[in-house]
Amino acid sequence: MPELPEVETVRRGLAPAMERASFLAVQAHREDLRWPLPANFARRLVGASVERLSRRAKYLLADLSSGEVLIMHLGMSGSFRVLDGMAEDTPGALHFARSRSLTHDHVVFRMSSGATVTFNDPRRFGFMLLVSRAELEQHPLMRIGPEPLDEDFTPERLARACASKVTNLKAALLDQKVVAGLGNIYVCEALNRARLSPRRKASTLATRAGAPTPHAERLVAAIKAVLEDAIAAGGSSLRDHRRTDGELGSFQHKFRVYDREGGRCPTRGCPGIVRRIAQNGRSTFFCPVCQK
DNA sequence: AGTCGAGCCTGCTGGC
DNA sequence: TGCCAGCAGGCTCGAC
C-alpha cells in the first residue's frame, strides 16, 4: 500500500525515464480509474516534456513543458514499471508480465528517453489528473499539511495542529491536513518508536498554551526516522508495492508492530506483546505495555 | 467545523 | 476441493 516511502521509491525509479524526456505516445486502455482520465488526455501529453518529477505527500507531480502538471496517484494497488527500450517479449518484459497482470495495465507512456512507462492498478483507486501550474497550488488535493521530512515539520507545528483535536492520536496522524503522506503502516510504526498509545487523545501533544509536549518531540523524531529508514529500504512490499524495476521493497521485514499481532514488542526491555485493535474502521497494531 | 462511517474496487485468505 | 465472506486501505462524500 503506497504511502510516502513507497511513492518516493517510485519517483526515484521514474525520474531517469521521464525527466527531460517527452511523451512520444500515450495509450489509455482504461479511462475509468478512481476518476475518469482527463479529457483529451493523450493529446495534451504527446509532444510535451517532463521538466521535473516531484512528490508531494503520496502524489507524483510531473511538471510539463506545456504549462500543465500531471498529478498521478497510486491509490491502493497502483504501480509503475519502466521498460528501457525493451520489446514486450524479452525476458525482462516477461518477468514483469508474471509479476503484474497485464489486464490491469491502464496507461502506457512511450517516452523519448526510450523507456516505456506502464501504470498498472488492479483496484483502480489510483488516478491521473491534468491541471495548470497556476491551479496546482489551489487544488483541493494539495490543501494538505506539511511534508514530514521537511524542516518545517516541527514539534511546534504538530502540536499546534493537534491542540484542538478531540480525536485519538492514530486518527489525527492519518489526517493528511495534520501531516501529509502517512498511512496506516507508518503511523503504527512511528507510534511504537515514540512509545505513544494510538488511543491517546491527539490534543495531549500540546500544553494548554499550545506548546509541544515531550510527546510531540518524540513523535516528530520517530516519524522522520521511520520514513527515512523505509525510503532507504525501497519502501514496504506487502501485496502491491513494487519498485519501477519490478523488485520488491524490503521494509516490511523491519516492521516493529504492523502485521505483527502476537509478536514480542521490539522496544528494548519491553515484555509486551503486539496487539491489534480496530480504530475508526482500520486495524491498529501497537504494544499496550510501552506505548502510553 | 470536526469527526466518523460508508463506499469505491479487486485479489487474496481462511473457514466451512 | 470449492465457495464465499471478510479484509486490505487512500481518499471523498454525506450525515451528524
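Naming: A, B, ... by sequence-line order, numbering from 1 per chain.
- Spacing between atom CZ of A/R30 and atom C1' of B/dC8 amounts to 13 Å, rounded to whole angstrom units.
- Contact between the side-chain N/O atoms of A/H104 and the OP1/OP2 oxygens of B/dG11 is found at a separation under 4.0 Å.
- Atom CE in A/M76 sits about 10 Å away from atom P in C/dC11, given to the nearest Å.
- Annotation: A/R20, atom CZ; neighbour count of heavy atoms from other residues, nucleotides and ligands within 6.0 Å does not exceed 12.
- A/F127 comes within 4.0 angstrom of no nucleic acid atom, judged by non-hydrogen atoms across all strands.
- Donor-acceptor pairing under 3.5 Å is lacking for the side chains of A/N184 and A/R282.
- The side chain of A/A171 lies closest to B/dC4, out of C/dG10, B/dC4, C/dA8.
- Using a 4.0 Å heavy-atom distance criterion, A/R282 is classed as a base contact.
- Atom pair A/Q176:CD and B/dG2:P shows a separation of 16 Å (rounding to whole Å applied).
- The side chain of A/R123 contributes no N or O atom lying less than 4.0 Å from OP1 or OP2 of B/dC8.
- Rounded to an integer number of Å, the gap from A/R34 CZ to C/dT12 P is 7 Å.
- Whole-Å rounding puts the A/L74 CG to C/dC11 P distance at 10 Å.
- Ring-plane geometry between A/F127 and A/H73 is classed as parallel, the angle between the planes falling under 30 degrees on a 0 to 90 degree scale with a further cut at 60.
- A close approach under 4.0 Å does occur between a side-chain nitrogen or oxygen of A/T167 and OP1 or OP2 of B/dC4.
- Along DNA chain B, the nucleotide closest to A/G281 and the one closest to A/F125 are compared, and the more 5′ of them pairs with A/G281.
- Salt bridge annotation for A/K58-A/E3: absent, with no cationic side-chain nitrogen under 4.0 angstrom from a carboxylate oxygen.
- The hydrophobic cluster containing A/V46 does not contain A/V108, counting ILVMFWY residues as joined when their side-chain heavy atoms lie under 4.5 angstrom apart, directly or transitively.
- Checking side-chain atoms of A/R143 against main-chain N and O of A/Q138 turns up a donor-acceptor pair under 3.5 Å.
- The side chain of A/Y59 contributes an N or O atom lying less than 4.0 Å from OP1 or OP2 of C/dC11.
- The nearest whole Å value for the distance from the CH2 atom in A/W35 to the P atom in C/dC13 is 7 Å.
- In this structure, the CG atom of A/D121 is 11 Å from the P atom of B/dG11, given to the nearest Å.
- A close approach under 4.0 Å does not occur between any side-chain nitrogen or oxygen of A/K165 and OP1 or OP2 of B/dG2.
- Residue whose closest nucleotide on DNA chain B sits further toward the 5' end, between A/R124 and A/V166: A/V166.
- For A/H73 and C/dG10, the shortest distance from a side-chain N or O to OP1 or OP2 is not below 4.0 Å.
- Straight-line distance from the CD atom of A/E261 to the P atom of C/dA8: 10 Å, rounded to whole Å.
- Among the atoms of the strands shown, only primed sugar atoms or phosphate atoms (P, OP1, OP2) are found under 4.0 Å from some heavy atom of A/L141.
- Residue A/S283 has a polar side-chain atom (N or O) positioned under 4.0 Å from OP1 or OP2 of C/dA8.
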